[in-house]
Amino acid sequence: MDFLQTEKKWQKKWDKSGLYKFDRSQADNKKYVLEMFSYPSGAKLHVGHWYNYGLSDTYARYMRMKGFEVFQPMGFDAFGLPAENYAIKTGIHPQDSTLANIVTMEKQLKAMGAMFDWDYEIKTCMPDYYKWTQWCFLKLYEKGLAYRKEAPVNWCEGCNTVLANEQVVDGCCERCETPVIKKNLTQWFFKITDYAERLLTGLDKLDWPEKTKTMQRNWIGKSVGGEITFELENGASFTVFTTRADTLYGCTYAVLAPEHPLTLKVTTEKQKKAVEDYLDYAARASEIDRLSTAREKTGVFTGAYAINPINGRRIPVYVADYVLFTYGTGAVMAVPAHDERDFEFAQKYDLPIERVIEAKGDENDDLPYVEYGVMTNSEEFDGLGVEEGKAAIIDKLKEMGKGDYKINYRLRDWLISRQRYWGAPIPIVYCDTCGEVPVPESDLPVTLPYDVDFTPDGTSPLLKSESFMHTVCPKCGGAARRDADTMDTFVCSSWYFLRYPDNKNSDVAFDTEWINKMLPVDKYIGGAEHACMHLLYARFFTMALHDMGYIDFEEPFTSLVHQGVILGPDGARMSKTKDNVISPDEYIQKYGSDVFRTYLGFGFSYIEGGPWNEDGLKAVHRFLERVERITGQLIAVKESREDGKREILYAENYAVKHVSADIENFQFNTAIARLMELVNALGKYIDANPDKDTSVSAAKTLILLIAPFAPYFAEELWEAAGEKYSVFDAAYPVCDESALVLDTIEMPLQINGRVRARFNVPSGATKEDIERIIMNSDDLRSYFDGKTVRKVIIVPGRIANIVVG
RNA sequence: GCCGGAGUGGCGGAAUUGGCAGACGCACGGGACUUAAAAUCCCGCGGUGGAUAACACCGUACCGGUUCAAGUCCGGUCUUCGGCACCA
């Protein structure tokens with residue numbers, strides 16, 4: 001078969017007949033199959049796109065043949081940093097390069113032979129989309145879920161610009177190698193922490209990979225403990241969060257994070273220089289470095305003392321960067337005897353280390369002792385276990401007005417302000433009289449101006465566009481300024497799945513009634529790298545919109561699958577710098593899309609991915625040609641005297657059963673292996689029975705089974721078999737279980753766990769039956785005759801193990 | 001560093017979740033067909049010993065454990081990949 005010609009032929013026909021147009025009247029029977037949309041960074045599709053979209057399409061086609069009305073849209077996550085950086089380098093406007101890339105990618109995606117219904121396409125950089133991204137912002141704002149506060153950014157004094165973490169290499173700017181510092185800016189946040197508990201408990205109901213759920217749980221990082229207030233000698237006070245209130249008597253010093261507003265305030269004149277130097281040092285360290293337990297603990301005494309509320313003890317207050325301002329309260333009570341970090345710090349700075357927990361039994365209780373033991377040196381609390389002790393101490397503090405129970409989450413509010421051009425503008429204006437004013441919904445979108453100087457020079461690019469910045473206050477009509485920042489692109493991708501089914505709606509972001517029919521997404525497919533951020537943000541948006549009454553579901557993605565990564569032939573991640581990038585194009589031109597897709601399915605474990613190796617491509621090509629030959633031979637038989645012998649029916653139904661199950665589990669490699677087995681069985685059958693007619697139905701089954709993998713190819717064979725267009729309107733075969741029932745099955749006989757023999761038993765045989773068969777067989781008994789049989793283990797259909805002594 | 005994965009023949013990868021390790025395929029070797037080649041078809045193919053057999057032992061990153069039985073479970077180690085909140 002000429003694969004390339006076949007592709008063109010059916011592409012035209014599919015297009016003309018509108019085969020993949022979603023039928024909205026069938027929404028009750030829908031399956032929403034969604035792949036994470038792509039970022040149009042390069043002009044062309046890479047192997048990863050094919051891997052993600054091609055094989056998800058196999059799943060989608062399978063669902064269609066199973067009788068579902070499949071909704072499989074495609075679009076582009078089109079805002080983002082790379083286009084802007086590319087523009088800075090080349091002078092090509094981000095909008096121009098992005099839209100050009102999209103055109104190329106659309107063309108290639110269409111050639112892939114996927115069922116995307118392009119009527120529902122989305123591009124997040126278009127005003128008819130980001131208008132509604134801005135609407136989402138306003139809704140969150142109305143609900144008090146968007147707020148402004150100061151937060152640090154990476155700042156390069158050389159380039160005079162904000163840097164993304166990605167642009168910081170070893171603490172320096174990737175462009176000019178100037179050391180990167182932290183600079184505080186007032187920025188917008190979404191209050192995702194309000195949803196921490198629901199984001200956590202909601203996971204239980206989801207059909208997601210366990211590892212993804214675990215990662216989200218850890219990311220949310222719930223810990224139950226207490227808050228304790230420490231008074232300072234100078235009258236101020238600070239609060240710490242702790243999960244170990246029981247160790248409060250062992251608190252010998254306290255630590256403030258460098259960013260803590262109190263740090264400089266409490267610092268004594270004498271310590272001022274040292275503390276300021278330290279804050280400067282800390283501003284240069286990345287958070288990952290600071291969290292590293294291997295990093296040497298550093299800190300400086302502020303000169304201030306606080307009072308431990310439980311015993312009135314005077315303790316020194318330090319500043320140290322192992323305490324993070326973004327976690328808890330940004331201050332900790334240090335208990336060196338029972339915390340590894342505090343222990344290390346106390347040793348280094350010669351601070352007292354005092355045991356207040358001792359081990360219960362004879363276990364090792366060297367300091368730092370972080371296990372749950374028994375309280376000691378804690379006055380009336382001595383002898384309490386850790387759990388009782390925590391409660392007793394917090395109860396006491398509560399009485400004193402110095403503490404309370406508290407649940408803390410590692411999850412932080414989501415910073416969405418970006419000091420960049422290529423993103424959705426934030427729909428807020430600032431008026432001298434009215435202050436911060438949201439743009440009224442009727443004035444949306446706040447259009448991103450085209451003519452803007454986005455070369456980095458120390459301010460947000462939009463700040464330099466006077467026509468953009470200058471506006472009137474929606475409240476008082478006076479002069480006002482717009483927010484010059486744009487939104488994090490994760491905002492755009494946090495609700496796109498809601499827009500797809502109603503992408504042309506110009507009145508609302510989506511029609512509530514319609515969207516409630518179409519969502520949640522039934523199967524979401526995308527990379528595991530999104531486990532924590534994108535997938536958490538999208539869940540947050542969905543929950544928030546649910547609470548506002550716009551949708552009646554709380555979770556966006558019922559079922560989730562992560563595809564693996566195709567690596568370069570050297571086993572490393574593909575990258576231009578490593579020169580190991582495999583372009584799919586040359587293979588497509590040589591073998592066609594069907595062969596390429598099928599190979600991607602066959603050569604890798606979908607969930608794992610792996611290094612590229614083109615050898616298998618030839619094999620798949622060979623396999624498809626073999627399918628063509630064999631179906632041709634079978635179908636050439638005009639009349640069938642024999643309606644498929646039993647061995648054929650077995651092979652056929654075995655394949656139907658396993659290929660279906662494997663596709664449903666995204667195990668495409670084994671599905672294709674089962675197809676190969678069917679082809680082998682058919683080939684053998686033809687060879688062994690050259691004079692007999694064979695089953696035409698087996699050939700048709702084979703074509704139907706292979707259709708989701710090689711759609712053009714299957715259409716061609718289906719037509720050749722004299723069937724009516726389209727194979728994708730034909731029903732997927734159903735397994736006839738009765739054809740899989742065998743008279744006898746073979747079982748292995750183990751002696752002491754080693755296979756010594758095989759024997760046949762009737763397929764329904766019970767344990768007792770099987771034991772009788774073994775004991776009655778001289779042949780089998782010879783393996784253990786004369787030895788003492790200590791145990792007989794029989795698992796029908798699986799194994800028989802005789803333990804002898 | 002922390003969180004989460006992964007490690008199985010020469011190679012890509014299977015293994016119904018504790019039950020015959022290596023399905024299916026690639027590569028390789030042998031054979032059939034052919035004047036020949038290609039294509040196609042058939043056979044073999046983890047390692048060691050043994051005679052090429054029968055058979056035996058070893059073998060799922062490494063060390064130890066649980067079990068009649070471990071790639072699978074438990075404890076520890078190494079390597080590697082993803083994420084770590086401004087890449088998307």
Side-chain angles (χ1 to χ4, degrees), chain A residues 36-39 41 77 79-82 85 153-154 162-168 187 192 209-219 221 286-295 326 410-420 488-490 493 527-534 536-537 562 564-565 567 571-573 602-605 607-613 615-620 622-623 625-626 629 658 661 667 669-677 680 683-684 687 746-755 758 790-795 797-804:
Chain A
M36 289 179 185
F37 60 176
S38 50
Y39 180 75
S41 57
D77 190 12
F79 277 135
L81 181 67
N85 286 340
V153 293
N154 297 314
V162 175
L163 296 179
N165 285 342
E166 191 192 42
Q167 299 172 294
V168 180
Q187 309 188 70
I192 189 171
E210 268 318 308
K211 66 160 188 168
T212 309
K213 293 204 256 185
T214 305
M215 279 193 273
Q216 285 211 354
R217 286 190 188 107
N218 292 340
W219 185 268
S286 79
E287 201 156 282
I288 290 174
D289 289 339
R290 284 175 57 175
L291 276 168
S292 169
T293 49
R295 186 167 186 255
T326 49
R410 205 179 71 96
L411 182 70
R412 321 204 282 248
D413 279 339
W414 172 15
L415 195 171
I416 60 137
S417 293
R418 297 291 181 270
Q419 296 71 41
R420 299 182 202 292
D488 179 5
T489 52
F490 273 127
S493 58
E529 67 274 18
H530 294 293
C532 289
M533 304 180 67
H534 162 61
L536 206 55
Y537 296 150
H562 295 304
V565 181
L567 306 169
R573 195 170 256 273
F602 181 62
F604 306 85
S605 156
I607 313 289
E608 300 294 327
W612 174 257
N613 170 0
D615 293 345
L617 216 44
K618 276 175 272 176
V620 168
R622 205 145 61 195
F623 167 63
E625 297 208 304
R626 188 156 182 235
R629 266 197 313 278
H658 287 96
Q667 291 175 345
N669 52 348
T670 50
I672 295 164
R674 299 293 88 82
L675 286 171
M676 288 173 168
E677 283 169 355
N680 289 342
K684 275 209 175 85
D687 284 352
E746 194 189 62
M747 282 181 60
L749 174 70
Q750 292 186 338
I751 309 296
N752 287 346
R754 288 176 178 280
V755 178
R758 291 161 196 292
R790 299 197 182 277
K791 211 169 181 181
V792 177
I793 293 120
I794 289 167
V795 183
R798 288 246 160 269
I799 204 106
N801 189 10
I802 306 219
V803 185
V804 298

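Sequence lines set the chain letters: A, B, ... in the order given, protein chains first and strands last, and positions in each chain run from 1.
When distances run from any side-chain atom of E608(A) to the nucleotides rA6(B), rA88(B), rC87(B), the shortest one goes to rA6(B). The side chain of I288(A) lies closest to rC84(B), out of rA14(B), rG19(B), rC84(B). Closest contact between the side chain of L411(A) and the listed nucleotides rC41(B), rA85(B), rG82(B) involves rA85(B). Listed nucleotides rA88(B), rA85(B), rC20(B) differ in distance to E529(A); the shortest reach to its side chain belongs to rA88(B). Relative to the side chain of M533(A), the nucleotides rA88(B), rA23(B), rG12(B) differ in distance, and rA88(B) lies closest. Distance from the side chain of N801(A) is smallest for rC68(B) among the nucleotides rG4(B), rC86(B), rC68(B). Side-chain proximity of N613(A) to rG12(B), rG5(B), rC86(B): nearest is rG12(B).
Using a 4.0 Å cut-off, no side-chain N or O of R410(A) falls inside it from OP1 or OP2 of rC2(B). Regarding contacts with the backbone of rC41(B), a side-chain N or O of R626(A) is found under 4.0 angstrom from either OP1 or OP2. Regarding contacts with the backbone of rG4(B), a side-chain N or O of N218(A) is found under 4.0 angstrom from either OP1 or OP2. For R418(A) and rC86(B), the shortest distance from a side-chain N or O to OP1 or OP2 is below 4.0 Å. Distances shorter than 4.0 Å separate none of the side-chain N or O atoms of N669(A) from OP1 or OP2 on rC24(B). Taking only side-chain nitrogens and oxygens, R754(A) never comes nearer than 4.0 Å to OP1 or OP2 of rC55(B). Between N680(A) and the phosphate of rG25(B), there is a side-chain N or O to OP1/OP2 separation shorter than 4.0 Å.
If you measure from atom CG of L163(A) to atom C1' of rA85(B), you get 17 Å, rounded to the nearest angstrom. The distance between atom CZ of R674(A) and atom C1' of rG25(B), rounded to the nearest whole Å, is 11 Å. Rounded to an integer number of Å, the gap from CG of D615(A) to P of rA27(B) is 6 Å. For the pair N752(A) CG and rC68(B) P, the computed distance is 11 Å after rounding to whole Å. Distance Y537(A) OH to rA88(B) C1': 12 Å, rounded to the nearest Å. Between the CZ atom of F604(A) and the C1' atom of rG13(B) there is a distance of 10 Å, rounded to whole Å.
Among the protein residues, R758(A) comes within range of the nucleic acid bases, having at least one heavy atom under 4.0 Å from a base atom. The residue G797(A) sits apart from the nucleic acid: no heavy atom pair falls under 4.0 Å. Across all strands shown, S417(A) has heavy atoms under 4.0 Å from base atoms, whether or not it also approaches the sugar-phosphate. Among the heavy atoms of the strands lying under 4.0 Å from H530(A) is at least one base atom, whether or not backbone atoms are also near. Heavy atoms of V168(A) sit nowhere under 4.0 angstrom from any nucleic acid atom.
Judged by distance alone, the side chains of N680(A) and R626(A) do bring a donor and an acceptor atom under 3.5 Å apart.
Within the shown strands, rU40(B) is the pairing partner of rA32(B) under the Watson-Crick or G-U definition, both distances less than 3.5 Å. Using Watson-Crick or G-U wobble geometry with both donor-acceptor distances under 3.5 Å, rU79(B) finds its partner in rA6(B).
The pair R622(A)-E625(A) does not meet the salt-bridge criterion, since no charged nitrogen lies less than 4.0 angstrom from a carboxylate oxygen.
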